[in-house]
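Just so it is clear, the values below take in all heavy atoms, side chains as well, and ignore hydrogens, waters and symmetry mates. Starting from 1, each residue takes its place in the sequence as its number. One-based numbering, in listed order, for ligands and for the atoms of each.
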Amino acid sequence: MTHTSDPHARRILILDFGSQYTQLIARGIRELNVYCEILPFDADISRIKSFKPAGVVLSGGPATVTEADTPRADREVFDLGCPILGICYGMQTMAAQLGGKVETSKQREYGSAEIRSTSTSPLIDGLHDRLEADGTALLQVWMSHGDRVSTLPDGFRVLAVSENAPMAAIANLDRNFFGVQFHPEVTHTTQGRAMMERFVRDICDCTGDWTPANIIDDLLSRIREEVGSDGVVLGLSGGVDSSVVAVLLHQAIGEQLTCIFVDNGLLRQGEVEEVMETFKDDFGIRIVQVDASERFLEALSGITDPECKRKVIGGIFVDVFQEEADKIENISWLAQGTIYPDVIESAGAGTGKAKVIKSHHNVGGIPDTLELQLLEPLRELFKDEVRAVGLALGLPQSIIYRHPFPGPGLGVRILGEVRQEYADILRQADAIFLEELRRSDLYDSTSQAFAVFLPVRSVGVVGDNRSYEFVISLRAVETVDFMTADWKRLPYDLLARVSTRIINEVRSVSRVTYDISSKPPATIEWE
Ligand code: XMP
């Protein structure tokens, strides 16, 4: 029998003090094949204890320890008996809470800095970017702070200094408590990843069992345990997350899973066939395919406002889904492709500060009248982990690495009123663009690319005749997180080929433009 380790056995807890980098800390630790979770800094101590962390990271944050009523860790966090790494604000609050002092320094330190190692420690020993003549290690780090530790708590010593932070790294080696004033989680700290590895692997003794094979074993047994012999229904869109959930559930519970795939008439060319072939034919998954395109297009008739269109599409999706689910017997669970960033986002969304720019991700929201229990097997995974799991489950690269496609589909890429005729034109133009992008080997290095239909007419000449036809705009962007994006500098030759082909091959289009707006102020989609 092969032995597989429990990937949750030794894990790290990150207490979030509000840093913009907290997710980066978590992703960095996961990339070291160690499981970790983020909890708010004021999470109940019983919750922290029951997580049984092998180590705790206190994140940075925007507040200042020098004022009362700013965030502090629960005092019992320091009595858990496990190693602690405080980063920036996390280091300052640790120092202050353990009896040291923090002051607002005259000189703020923001950006690249160099630290000099001054004493040995398992966190930094042997790491350097440069060495001085006497062998002293110098490391390039990223600083972003106004406060600094001025008096060390008992038992602590200085590990490294920088020009503006005489206590750039500190430690109590007896208790395995470490504090760094800089940010090891950002790439500008060149040895940052190595330091994080030292902390989680050497100091916290996490073995690195968080691998796709172990994750899958763990998920399969947890799904089987949770679901038992119940039936599960899943809305399959063909996007990465729902595709991975489908294959994972199929492997875990086989025939107990039914997928519902709704064709809303606003899918891309060949999408229906691709989804049915991959999941039904190749994987043998039970899928109910519903052609609801007429119903969607009828409901959208006369509606021009983007948010109204989103609501109408989302509403019908829920109705269709519910009608189909009601026809299946013994269903107790609704599976969803929720992933860890969604969980973090909704936990942090309670402040109500974020403004709604577009009502994203509401499409296909939970039809609560179904009264089903929610099954979210990917809720602990980051996107790159979902992809790794999907590949290990045998899903094709074309699905795992496909560009994101919005829930309302072509509905938000046809400006104004959605009509069948417009959708057909857009589908063809979009397919030509993506085909040429792939042919030029630029699909994978582009974050998202698509065509947009503009319902305005423009004059052209075709042969000896004047034409007066629609306009297609091409959009291609590069982005890491889809929150900000830059337009992709595609080669002119490629754009020329796409334009010629669209005008020649797609009836009713006389002009093609390329969108060169970045986000912000524009958004990626046009609506
Ligand atoms: P924007 O246009 O806001 O898009 O810059 C950012 C990302 O979100 C996708 N998007 C959506 N996804 N439902 C979705 O599921 C929506 O209503 C929606 N609107 C935009 C968009 O394709 C891009 O990847």
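Atoms of ligand 1 found under 4.0 Å from any heavy atom of Thr523 (numbered from 1 in listed order, with element): 1 (P), 2 (O), 5 (O). Atoms of ligand 1 found under 4.0 Å from any heavy atom of Lys519 (numbered from 1 in listed order, with element): 1 (P), 3 (O), 5 (O), 6 (C). Close contacts of ligand 1 with Phe482, meaning ligand atoms under 4.0 Å from a residue heavy atom, involve 6 (C), 24 (O).
Taking all heavy atoms of Lys309, Glu307, Glu525, Arg310 into account, the minimum distance to atom 17 (O) of ligand 1 is reached by Arg310.
Judged purely by distance below 3.5 Å, without hydrogens or angles, the side chains of Asp16 and Thr22 pair a donor atom with an acceptor atom.
Dense packing is recorded around NZ of Lys383, with more than 12 heavy atoms of other residues, nucleotides or ligands lying under 6.0 Å away. With a 6.0 Å radius and a threshold of 12 heavy atoms from other residues, nucleotides or ligands, Arg222 has its CZ atom above the threshold. Summarising the local packing, CZ of Arg507 is surrounded by 12 or fewer heavy atoms from other residues, nucleotides or ligands at distances under 6.0 Å.
The aromatic ring centroids of Phe450 and Phe433 lie 6.0 Å or more from each other. Taking the six-membered ring where the residue is Trp, the centroids of Phe182 and Trp142 are separated by 6.0 Å or more.
Taking only nitrogen or oxygen atoms, main chain and side chain alike, Arg413 does not reach within less than 3.5 Å of ligand 1. Any N or O atom pair closer than 3.5 Å counts here, and Gly407 shares at least one such pair with ligand 1. Any N or O atom pair closer than 3.5 Å counts here, and Glu527 shares no such pair with ligand 1.
Using a 4.0 Å cut-off between heavy atoms, Pro408 contacts ligand 1 through its side chain alone, with no backbone atom that close.
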